[in-house]
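Below, read A as the first sequence line, B as the second, and so on, with proteins coming before strands; counting in each chain starts at 1.
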Protein chains: 2
Amino acid sequence: MAKKVLNNIRKLRLENNGMTQAELAEKIDATRQTVNAIEAAKYAPSLELAFKIADVFGEPLEMVFEYKLTEK
Amino acid sequence: MAKKVLNNIRKLRLENNGMTQAELAEKIDATRQTVNAIEAAKYAPSLELAFKIADVFGEPLEMVFEYKLTEK
DNA sequence: AATTTATGTAAAATATTTTTTACATAATGT
DNA sequence: ACATTATGTAAAAAATATTTTACATAAATT
């Protein structure tokens with residue numbers, strides 16, 4: 001009933017030569033802990049961070065993050 | 001040299017029967033002041049709010065918000 | 001001209017995101 | 001087996017987003 005922000009970060013990291021969380025963090029000027037939390041969907045990133053992450057993978061934002069209905 | 005989050009909210013509001021800031025705010029469960037600030041790019045919204053706004057206009061997020069190099 | 005509606009703005013309070021520091025475990029390499 | 005690298009997690013502080021309350025002006029309506 002409620003929409004949630006989902007992401008494909010882990011999949012994209014692994015597809016990109018197994019980029020580590022720390023490497024991704026460095027590329028977006030954030031910390032490893034932030035990447036870890038966002039990837040685990042502990043919280044959603046700011047729009048700016050979301051754009052930076054999508055840019056790293058050369059994907060449109062909506063290929064990385066989706067706003068979707070989730071069962072409970 | 002720096003990228004910034006730009007938006008087309010005003011344009012989209014006007015195209016949608018001149019939807020007011022207050023009406024948009026209500027549809028996304030935010031306040032009129034928040035819509036006003038985001039529209040004026042005083043700050044960028046959370047990713048979730050950004051998705052909600054895009055949904056109201058039936059547009060993909062990247063049609064509403066762009067992360068672009070800005071002169072100056 | 002007077003009234004109502006829409007927008008701009010601001011300060012303080014609250015909520016959320018991000019950093020910093022730190023430790024623990026899992027996975028990989030030597 | 002040992003050492004190194006990657007990931008998970010947590011608590012407190014800092015930064016940023018959002019609300020609340022309030023007032024001011026602009027624009028539209030009667």
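- At whole-Å resolution of the value, CG in B:Asn7 and P in D:dA17 are 14 Å apart.
- Put simply, CG on B:Asn17 is 17 Å from P on D:dA28, counting in whole angstrom units.
- Separating the CE atom in A:Met19 from the NZ atom in A:Lys27 is a distance of 4.5 Å, to the nearest 0.5 Å.
- At whole-Å resolution of the value, CD1 in B:Ile9 and P in C:dA6 are 18 Å apart.
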Legend entry - A:Arg13/A:Glu23 under salt bridge (charged side-chain N to carboxylate O under 4.0 Å, His left out): CA gap, chis, key distance, verdict: CA-CA 10 Å; A:Arg13 278 199 302 109; A:Glu23 283 165 352; over 6 Å; no
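- The separation between A:Gln21 atom CD and D:dT9 atom P is 10 Å, rounded to whole Å.
- The distance from atom CE of B:Met19 to atom C1' of C:dT5 is 17 Å, rounded to the nearest whole Å.
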Inset, instruction - Heavy atoms under 4.0 Å is the rule here; annotate nucleotides 17-30 of chain C 5' to 3' with B where the base is hit, S where only the sugar-phosphate is, and - elsewhere. - result: SBBBBB--------
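- In this structure, CG in A:Leu49 is found 10.0 Å from CG in B:Leu47, a value given to the nearest 0.5 Å.
- The distance from atom CD of B:Glu39 to atom P of D:dA17 is 17 Å, rounded to the nearest whole Å.
- One atom, CD of B:Glu26, and another, C1' of C:dA6, lie 15 Å apart when rounded to the nearest Å.
- The nearest whole Å value for the distance from the CZ atom in B:Arg13 to the C1' atom in C:dG8 is 12 Å.
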